[in-house]
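Note that the structure is predicted; figures quoted are calculated from it, not measured.
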Amino acid sequence: MLRVAEVGEAVVGRLGGLPRLPEGVVWPAWEGHGPLSFVAAVECAALPRGELDVVLPEGGTLAFFCFDGSVDDGDALVMPDDRESWAGARVLYVPAEADAVERAAPAELKSYPEVPLAASVAATAAEPWAPAAHAAFAPAGIA
């Protein structure tokens with residue numbers, strides 16, 4: 001579970017700020033809608049591994065981007081049950097050995113304030129409206 005880091009806690013990533021990307025990596029955009037906002041970055045090597053049930057790289061950074069509607073006044077939305085909108089969200093993997101530099105956001109975007117994140121292992125469940133949860137647990141005949 002990611003949460004706001006308390007003073008003295010190990011920081012594993014951050015919400016907001018600016019991403020560190022290698023030269024030549026194009027800022028992600030949703031075709032026909034505009035650039036994606038940088039949301040968060042997580043350092044894979046800093047995450048607790050003991051109880052994780054997802055496969056993550058041993059090192060490097062996962063940079064999360066999402067179209068937040070700030071460049072089109074909310075006309076387009078990224079929704080978990082709308083595959084057409086999934087192009088409005090991206091996760092970029094930046095290998096640990098990559099020569100990455102802090103990248104300024106496109107002019108039409110405003111960066112979110114930076115918030116350091118800590119991590120802990122906790123049991124969680126998908127939201128009932130998530131497509132995979134709905135498919136697994138919805139009564140027969142209910143779409």
| Okay, side chain of Trp86, backbone of Asp81: is any donor-acceptor separation there less than 3.5 Å? | no
(message) If you define the side chain from C-beta out and look only at heavy atoms, does anything of Cys44 sit under 4.5 Å from Leu62?
(response) yes
Are Leu15 and Val4 linked, directly or through intermediate hydrophobic residues, by side-chain heavy-atom contacts shorter than 4.5 Å (ILVMFWY only)?
yes
Applied to residues 18-43, the salt bridge (charged side-chain N to carboxylate O under 4.0 Å, His left out) test, sequence neighbours excluded, yields none
dist Tyr93:OH -> Thr61:OG1 (nearest 0.5 Å) comes out at 8.0 Å
Closest non-hydrogen contact found for Ala46 with Val12 is O-CG1, 3.3 Å
In terms of heavy-atom contacts, Ala119 and Leu47 come closest through CB-CD2, 4.1 Å
Taken to the nearest 0.5 Å, the spacing of Asp99 CG from Leu21 CG works out to 12.0 Å
In terms of heavy-atom contacts, Val94 and Ala98 come closest through CG1-CB, 4.0 Å
Closest non-hydrogen contact found for Ala105 with Leu18 is N-CD2, 3.8 Å
For this session: Take Leu56 and Val42, measure what side chain to side chain contact (heavy atoms under 4.5 Å, CB included) needs, and give me the verdict at the end.
Result: CA-CA 11 Å; Leu56 293 172; Val42 176; over 6 Å; no
Exercise for review: Say whether, by atom type as modelled, one donor and one acceptor occur between the side chain of Arg90 and the main chain of Leu36 under 3.5 angstrom.
Suggested key: no
Smallest heavy-atom separation, Val25 atom then Leu92 atom, equals CG1-CD1, 4.1 Å
Sorted by chain and number, sequence neighbours left out, ring pair (Phe, Tyr, Trp, His ring centres under 6.0 Å) with Phe65 holds for Trp27, Phe38
For Ala96 and Gly59 the tightest heavy-atom approach is CB-C, 4.5 Å
*asked:* Hydrophobic clustering (ILVMFWY, side-chain heavy atoms < 4.5 Å, transitive) - are Leu2 and Val11 grouped together?
replied: no
Exercise for the section: Would you sort out whether Leu109 and Ser70 count as a side chain to side chain contact (heavy atoms under 4.5 Å, CB included), showing the intermediate values? Expected result: CA-CA 7 Å; Leu109 293 179; Ser70 64; 3.7 Å; yes
Sequence neighbours excluded, the answer for ring pair (Phe, Tyr, Trp, His ring centres under 6.0 Å) partners of Phe67 is Trp30, His33
Sequence neighbours excluded, the answer for side chain to side chain donor-acceptor pair (under 3.5 Å) partners of Ser111 is none
For Val7, the hydrophobic cluster (side chain heavy atoms closer than 4.5 Å, chained through members) also holds none
The complete set of salt bridge (charged side-chain N to carboxylate O under 4.0 Å, His left out) pairs with one or both residues in residues 4-19, sequence neighbours excluded, reads Arg3-Glu9
